[in-house]
Amino acid sequence: MADPALVRELTRNAAHVLPEGELERKLDRGRPLRVKLGIDVTSPDIHVGRAIPLQRMRAFQDAGHVGVLIVGDYTTRIGDPSGRSSERPVLSDDEIDRNARTYVDQAMIVLDPDRTEVRYNGEWLAKLDFAEIVRLTRVATVAELLTRDDFRKRYEAELPISVSELLYPLAQGYDSVAVEADVELGGTDQLYNLLMGRKVMEAYGLEPQVALTTPLLLSWDGEKMSSSIGNNVPLTAPAEEQFGRTMRIPDELLPEWYRLVLESDDDPLAADPMGAKLRLARWVVARSHGEEAASAAEAHFTRVVREGRAPEEVPEVTVAADGGTVYLPAVLVDLGVASTSEGRRLIAQGGVRLDGEAVTELEVPASRLDGALLQAGKRRFARVSVRADTA
RNA sequence: GGGGGAGUUCCCGAGUGGCCAAAGGGGACCGGCUGUAAACCGGUUGGCUCCGCCUUCGCAGGUUCGAAUCCUGCCUCCCCCA
């Protein structure tokens, strides 16, 4: 009999474990299970939300099972070319290869490399000939494919759905055949695909996989965390950035993050929510960058955000001055402000400071600028040095 | 193959000849406040050394003193019928 405590750990936070009892049956066979997780390579980073199923994979690995990480290089490559370019840009082969490589590195932040098998699905999908593809398409009907929520919604909203997209769940299911998955992990949005994987495996004479989904992590805006929206905390973002982004989540989301990300039973709102959020941010940074970086990131946050002081390390900006004054908006562009027009607006709004004092004019005496600390908004700082321009 | 509908500034979405750099919402940014880069309140949101000028409303032409709005051609997308 499968150890109930172990099953609880493996299925911790799971939204679905289907079909019921099947995981226990597979565990009882006593051999290491092959636990699959597919990742597409449409964007260059894995974020804290997508790490949640990875954390499950890690739990399986720690119990002696094998993690099969599938890099969807091929599914990304054939990805929908129809006009939805703004949402799903078709990536170049180079981009896909580059993304694919960094993905594996990122995933290893969470996974145990010694128990991970990395596979690229181009390995088998590239070899399918047309007859085989047609055989694959017989697994499902159009009506069945259209029952999937996002397809149905798009269909009802008269938004485009390309045939290649309909093929996607089948291709993903074929991955399960190729790697002979015992379990497939995914977010709850993947439930449909995971169950389709069962059908495909059955059609190919294999024992269907168990589908295990985890809830989607909501970000500070209340939306599902997503790289394309930009509300993400990437596993490879700089420590300070990770810390700040994590601190942006509203208090109401803390319990969910504690449960899913920290895998902690503590109630973060019981005592001091601020302290609880700091602990969470430290944990997120420490996983990616280590304890030391986490402490430094917290110190930075305290100094810059809570106390409103300049960071310890500030980039240098050099300005050429031909006369007595310098056109400040142009300097702001060097700090990362989008345009001089925006720089003007920032100044007008009191968002630009020289040595802590709000600037009100566009032209600033070079003498006042030289060696001064320039600040644009809350987050952009630079030390200015003026170089005489004798041209 | 036939018919109907649509393409607007980062996104959604108003706008049918001048009052349009273009309503409203979202997002983002700035300020205030704050335990936080949260919440809340107020403001800003094409570019330009900017009281003015320049470029934008799928693309290319055209009509007009004047076009996001009218005409012609093209491209793209959606739906229905076959």
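Each chain gets a letter, A, B and so on, in the order the sequences are listed, and its residues count up from 1.
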Can I get a per-line list of side-chain donor-acceptor pairs under 3.5 Å for residues 345-361 of chain A, giving both atom names and the distance, sequence neighbours left out?
from	atom 1	to	atom 2	distance (Å)
D355(A)	OD1	L373(A)	N	2.8
E361(A)	OE2	R368(A)	NH1	3.1

Report the residues that fulfil salt bridge (charged side-chain N to carboxylate O under 4.0 Å, His left out) with K199(A), sequence neighbours left out, ordered by chain and then residue number. E144(A)

Polar atoms only, N or O, under 3.5 Å: list the protein pairs with nucleotides 43-52 of chain B and their distances.
from	atom 1	to	atom 2	distance (Å)
G43(B)	N2	Q349(A)	OE1	3.0
G43(B)	N3	Q349(A)	OE1	3.4
U44(B)	O4'	Q349(A)	OE1	3.2
G47(B)	OP1	S339(A)	OG	2.7
G47(B)	OP2	R345(A)	NH2	2.4
C48(B)	OP1	T340(A)	N	3.1
C48(B)	OP1	T340(A)	OG1	3.1
C48(B)	OP2	S339(A)	OG	3.4
C48(B)	OP2	T340(A)	N	3.2
C48(B)	OP2	T340(A)	OG1	3.0
C48(B)	OP2	S341(A)	N	2.6
C48(B)	OP2	S341(A)	OG	2.7
C48(B)	O5'	T340(A)	OG1	3.1
U49(B)	OP2	T340(A)	OG1	2.8
U49(B)	O2	E363(A)	OE2	2.7
U49(B)	N3	E363(A)	OE2	3.0
C50(B)	N3	R344(A)	NE	3.2
C50(B)	N4	S341(A)	OG	2.9
C50(B)	N4	R344(A)	NE	3.4

Considering only distance and modelled atom types, tabulate donor-acceptor pairs under 3.5 Å from the side chains of residues 206-218 of chain A, sequence neighbours left out.
from	atom 1	to	atom 2	distance (Å)
E207(A)	OE1	R29(A)	NH1	3.4
E207(A)	OE1	R29(A)	NH2	3.2
E207(A)	OE2	K26(A)	NZ	2.6
E207(A)	OE2	R29(A)	NH1	3.2
Q209(A)	OE1	S176(A)	OG	2.8
Q209(A)	NE2	E184(A)	OE1	2.9
Q209(A)	NE2	L194(A)	O	3.0
T213(A)	OG1	H16(A)	N	3.1

Nearest-angstrom distance, C1' atom, A23(B) to A37(B): 31 Å

Residues at least two apart in sequence or cross-chain that pass salt bridge (charged side-chain N to carboxylate O under 4.0 Å, His left out) with E342(A), listed by chain then number, are none

Need one value for L362(A): base, sugar-phosphate or nothing, where a base atom within 4.0 Å counts as base even if backbone is also close, heavy atoms only. nothing

Counter-base of A22(B), judged by Watson-Crick or G-U geometry with both distances under 3.5 Å: none

Quick test of your reading: applying ring pair (Phe, Tyr, Trp, His ring centres under 6.0 Å), list the pairs with at least one residue in residues 191-243 of chain A, sequence neighbours left out, ordered by first then second residue. Y174(A)-Y204(A), F243(A)-F301(A)

Only counting residues at least two apart or in another chain, list the ones meeting side chain to side chain donor-acceptor pair (under 3.5 Å) with E316(A). none

Could you check which residues of residues 281-316 of chain A get a heavy atom under 4.0 Å from RNA chain B? Sort them by number, please. F301(A), V305(A), R306(A)

Please tabulate the protein-to-nucleotide N/O contacts below 3.5 Å involving nucleotides 53-55 of chain B, giving atom names and distances.
none

Of K378(A) and D221(A), whose closest RNA chain B nucleotide lies nearer the 5' terminus? D221(A)

Does OP1 or OP2 of A28(B) have a side-chain N or O of R248(A) closer than 4.0 Å? yes

What nitrogen or oxygen pairs link the protein and nucleotides 39-41 of chain B at under 3.5 Å?
none

Close N or O pairs between protein and nucleotides 24-26 of chain B (under 3.5 Å):
none

Please tell me which of G244(A) and G351(A) maps to the more 5' nucleotide of RNA chain B, matching each residue to the nucleotide holding its nearest heavy atom. G351(A)

List in chain and number order the residues that pass salt bridge (charged side-chain N to carboxylate O under 4.0 Å, His left out) with D265(A), two or more places apart in sequence or in another chain; answer none if no residue qualifies. R12(A)

Scan E361(A) against the nucleic acid and name what it touches under 4.0 Å (heavy atoms): base, sugar-phosphate only, or nothing. nothing

Below 4.0 angstrom, N of the basic side chain to O of the carboxylate: do D105(A) and R101(A) qualify? no

Could you tell me whether the side chain of R245(A) has a donor or acceptor atom within less than 3.5 Å of a complementary atom in the base of A37(B)? no

